[in-house]
Amino acid sequence: MAPTGFDLFSDRSVVAMRVDGVLKDLAATVTGEEVVEPVGIDSPDGLAILRHSTAHVLAQAVQTVNPEARLGIGPPIEDGFYYDFRIDEPLTPEDLKTISKEMERIQRAGQRFVRRVVTEDEARAELAAEPFKLELIGLKGAAADGRDGEGVEVGAGELTIYDNVDPRTGDTVWKDLCRGPHLPSTRMIGNGWALQRVAGAYWRGSERNPQLQRVYGTAWPSKDELRAYQERLEEAAKRDHRRLGRELDLFSFPEEIGSGLSVWHPKGGIIRHEMESHARRRHLAEGYSVVYTPHISKADLFATSGHLSTYADGMWPPLRMDEERDADGAVTKAGVDYYLKPMNCPMHILIYRERPRSYRDLPLRLTENGTVYRNELSGALHGLTRVRGFTQDDAHLFVTPEQLEEEVAKVLEFVLSLLRDFGLTDFELELSMRDDEKSKWIGSEAYWASSTDALRKVALASGLKLTEVPGEAAFYGPKIDLKVRDALGRTWQLSTVQVDPNLPERFGLEYTAADGSKQRPIMIHRALMGSIERFFAILLEHYAGAFPVWLAPVQAVGVPIADHHVPYLESVFDRLRATGVRAEVDASDERMQKKIRAASLQKVPYTIIAGDQDEAAGTVSFRLRDGSQDNGVPVEEAIARITAAIEAKAQV
RNA sequence: GCCCCCGUAGCUCAGCCGGUAGAGCAGCUGUCUUGUAAACAGCAGGUCGCAGGUUCGAACCCUGUCGGGGGCUCCA
């Protein structure tokens, strides 16, 4: 008899195997000809299998508790799994407890996951009560027919059903259409899992389809790993910028103003001001010109740019100006529609077009922190990262085709350098290109080839990790996106550099070349932080509120040991403030311990303490955010230390 | 926009089956003057998001609406 994975691997942490590169259940047989590798539960594949099997147990539990529940899909995802159900009554947190109990019961029963190959007709008969599964069978059938190009590989495989078999009776207690593989038994799931929440999700991701109830869960090889994961979530929650924004009094979203529209409090305002003014100084040094444009414009501008035809849904509704009506309400004079701007580029283009341009003017680099308004879906709004009004640190560079590559290189170098100033260091690039689906793209083959090539060269020269993604380009040109990894290891897409010959075309932009001919410039769209609000949120979470000294809203707080030390501390702090340090003495009627605690909760970089000893010696005592002390520092040195840290953009 | 959950003092939260609200912190006022994360006492603070409805009576039940959260969707 041919051996199975169970014969080959006795180690209990092996949950599946890879046979000639294909994942299989341990129960599968091998001939001895293949290359067979064990899949440990700790490996990425093993974890996915664990989570997938847990999702199955969830589904079985839901159908046990509520036999009316119909099954959607239940795949493993990062850190966990989900399963979608159609249930008439919405699931409550109480239901999750009941379901968890049932899942534990299924685990204890030690049901075996048994793979069974079925024909399409058999599958349809067995799953007649599961409309969504039938739909999946139909999709797979279509793929097998070769009608869907990418389905060939998938379609070549068989339809399989996994039976959950009671080991004592040998009865099949539950089954599900599934490709597998699975753990050998429900018992191997262990106790490292938890159900997390319920959410709505459209069937197969389309809002035209019915909305199902999705149960999210997480699963790990052990309870300890589950706890560690839960602690990571708690740590992330503590850093949530919405929470820190409130605790540190940085910004808010007054209901009276409207959803997704932020106001910046003094402490948030000073941080943002420092960020913006530093960036602006560097832009000026880099040959950019600062421009300002209004927040609204007549509809024509966005008709010319094309935004109104392709993006009207994402724009705020128009404001109608100067319309006149008679007593009956009939229009006697047509009004003009104005729109809040969703992008700055059309206005920058108008600045370019304001006078004839020569090749000597190029590259022309226009930059603006331009506030734009987009009508985001209410359900998509999220703190500062997804809002309806935000400020782009936008730039539009007008170049000759010959200048494109060199200019893109300079932009990328500049972007990286400026992001490093903010303490971000871990970057990756993504090059979005066209694919072969010709109808989607405008512009010549030669243009795509040369511009994509220019971006690729620049990206490779940066030495950063580069991923090429065909098909992801804008319809008019390729782009480079820059992703950054934060202190928690999460990646954020920040900067983007896009090549665009389309808008210059639409607006008929020209420059006079050296030979006197009229030529069309190419435009480079470039956002660096992207949205300043979102960038701020990312930095806030990256630093957990403990900003580097130059960004900290209050850089030093003075804590007198007793009231009569206030004048001495004030004399030191007067000098600090004179050098531009944001420094305040806490002269309130509180215990010094409490003042230290307050400064600490506000994440102030330097707490400066002085009592009799310091006053007598002409020194102060430092307390840093990590609780460390440096006592008896001469005033002169203390001031130098703080100003040096600000100057160096140091973290302390 | 869709589904589910939530909305009580500046913040965090309590308020059993309907009987018109309570704590801690923060604030203010006093007392105490103290070497590295919370002194003590007192005072003040809410038409329970808003608008309707049911009821003798609503923070609590119903409807709508605004706002928030988790997802889905979208992201030129």
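Worth knowing before you read on, the calculation uses all heavy atoms, side chains too, and leaves out hydrogens, waters and symmetry mates. Each chain gets a letter, A, B and so on, in the order the sequences are listed, and its residues count up from 1.
Of the charged side-chain nitrogens involved, at least one lies within less than 4.0 Å of a carboxylate oxygen, so that A/R641 and A/E637 count as a salt-bridged pair. A/R575 has a carboxylate O that lies under 4.0 Å from a charged side-chain N of A/E636, or vice versa, which qualifies the two as a salt bridge. With salt bridges taken as basic N to acidic carboxylate O contacts below 4.0 Å, none links A/K298 and A/D300.
A donor and an acceptor atom sit less than 3.5 Å apart, one in the side chain of A/R623 and one in the base of B/A37. With hydrogens and angles ignored, no donor-acceptor pair under 3.5 angstrom links the side chain of A/Y202 to the base of B/G71. Contact of A/D614 with B/G35 (side chain to base): a donor-acceptor pair of N or O atoms is detected under 3.5 Å.
Rounded to a whole angstrom, the distance from the C1' atom of B/G71 to that of B/U8 is 27 Å. Between B/U55 and B/U65, the two P atoms lie 23 Å apart (nearest whole Å). Rounded to a whole angstrom, the distance from the C1' atom of B/A38 to that of B/C32 is 16 Å. For the C1' atom pair drawn from B/C60 and B/G22, the interatomic distance equals 16 Å after rounding to whole Å. For the C1' atoms, the distance linking B/G68 with B/U12 amounts to 16 Å, nearest Å. B/U36 and B/C48: their C1' atoms are spaced 42 Å apart (whole Å). One P atom belongs to B/G18, the other to B/G57, and the distance between them is 15 Å to the nearest Å. A gap of 13 Å separates the C1' atoms of B/G10 and B/A44, to the nearest Å.
For A/F536 and A/W264, the gap between ring centers is short of 6.0 Å. Checked against the 6.0 Å centroid criterion, the rings of A/F81 and A/Y83 do not qualify as a close aromatic pair.
Residue A/K595 places none of its side-chain N or O atoms closer than 4.0 Å to OP1 or OP2 of B/U33. Side-chain nitrogen and oxygen atoms of A/H565 include none within less than 4.0 Å of the OP1 or OP2 phosphate oxygen of B/G35. Between B/G70 and A/R214, no contact under 4.0 Å exists linking OP1 or OP2 to a side-chain N or O.
By the 30° and 60° cut-offs, the orientation of the rings of A/Y229 relative to A/W220 is tilted.
With sequence neighbours excluded, the residues forming a salt bridge (Lys or Arg N to Asp or Glu O under 4.0 Å) with A/R386 are A/E376, listed by chain and number. When the salt bridge (Lys or Arg N to Asp or Glu O under 4.0 Å) test is applied to A/R485, the partners found at least two apart in sequence or on another chain are A/D426, A/E428.
Residue contacts for A/D313: at a heavy-atom cut-off of 4.0 Å it reaches no nucleic acid atom on any strand shown. Looking at heavy-atom distances under 4.0 Å, A/S621 makes contact with a base. If you check every strand for non-hydrogen atoms under 4.0 Å, A/Q211 touches a base. A/Q613 comes within 4.0 angstrom of a base, heavy atoms only. Contacts of A/Y216 with the nucleic acid, taken as non-hydrogen atoms under 4.0 Å apart, involve only primed sugar atoms and P, OP1 or OP2. Backbone-only engagement by A/R197 is indicated by non-hydrogen atom pairs under 4.0 Å involving sugar-phosphate atoms exclusively. The residue A/Q593 sits close only to the backbone: its heavy atoms come under 4.0 Å of sugar-phosphate atoms, none of a base. If you check every strand for non-hydrogen atoms under 4.0 Å, A/G627 touches nothing. Residue-level contact check: A/G383 touches the backbone only, with heavy atoms under 4.0 Å from sugar-phosphate atoms and none from bases. Nucleic acid contact for A/G379: base, since at least one base atom lies under 4.0 Å from a heavy atom of the residue. Nucleic acid contact class of A/L212 (heavy atoms, under 4.0 Å, all strands): none.
Take the nearest nucleotide of RNA chain B for A/N375 and for A/M592: the residue whose nucleotide is more 5' is A/N375. Along RNA chain B, the nucleotide nearest to A/Q213 and the one nearest to A/G632 differ in position, and the one closer to the 5' end is contacted by A/Q213.
In a base pair of the Watson-Crick type (N1 to N3 plus N6-O4 or O6-N4) or a G-U wobble (N1-O2 and O6-N3), with each distance short of 3.5 Å, B/C61 is matched with B/G53. The pairing partner recorded for B/C2 is B/G71, the criterion being a Watson-Crick or G-U wobble arrangement whose two distances lie under 3.5 angstrom. Nucleotide B/A23 forms a Watson-Crick or G-U wobble pair with B/U12, both donor-acceptor distances falling under 3.5 Å. B/C40 is paired with B/G30 under the criterion used here, namely a Watson-Crick or G-U wobble arrangement in which both key atom distances are under 3.5 Å.
With B/U33, B/G1, B/U36 as the candidates, the nucleotide lying closest to the side chain of A/A562 is B/U33. Among B/U33, B/G1, B/A38, the nucleotide with an atom closest to any side-chain atom of A/K594 is B/A38.
The distance between atom NE2 of A/H382 and atom C1' of B/G68, rounded to the nearest whole Å, is 11 Å. Atom CG of A/D481 is separated from atom P of B/C75 by 14 Å (rounded to the nearest Å). A/L195 has its CG atom 16 Å from the P atom of B/G71, to the nearest Å. What separates CZ of A/R597 from P of B/A38 is a distance of 7 Å, to the nearest Å. The CZ-P distance, from A/R386 to B/U73, rounds to 12 Å in whole Å.
Each of A/R204, A/Q211, A/R214 was checked for a side-chain hydrogen bond (donor to acceptor under 3.5 Å, both in side chains) with A/D84, and the lone residue meeting it is A/R214.
Listed by residue number, A/R242, A/R246, A/E255, A/S259, A/G260 are the residues of residues 239-261 of chain A with a heavy-atom contact under 4.0 Å to RNA chain B.
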Would you check, one step at a time, whether the test salt bridge (Lys or Arg N to Asp or Glu O under 4.0 Å) holds for A/D249 with A/K267?
CA-CA 6 Å; A/D249 195 15; A/K267 284 186 178 157; 5.7 Å; no

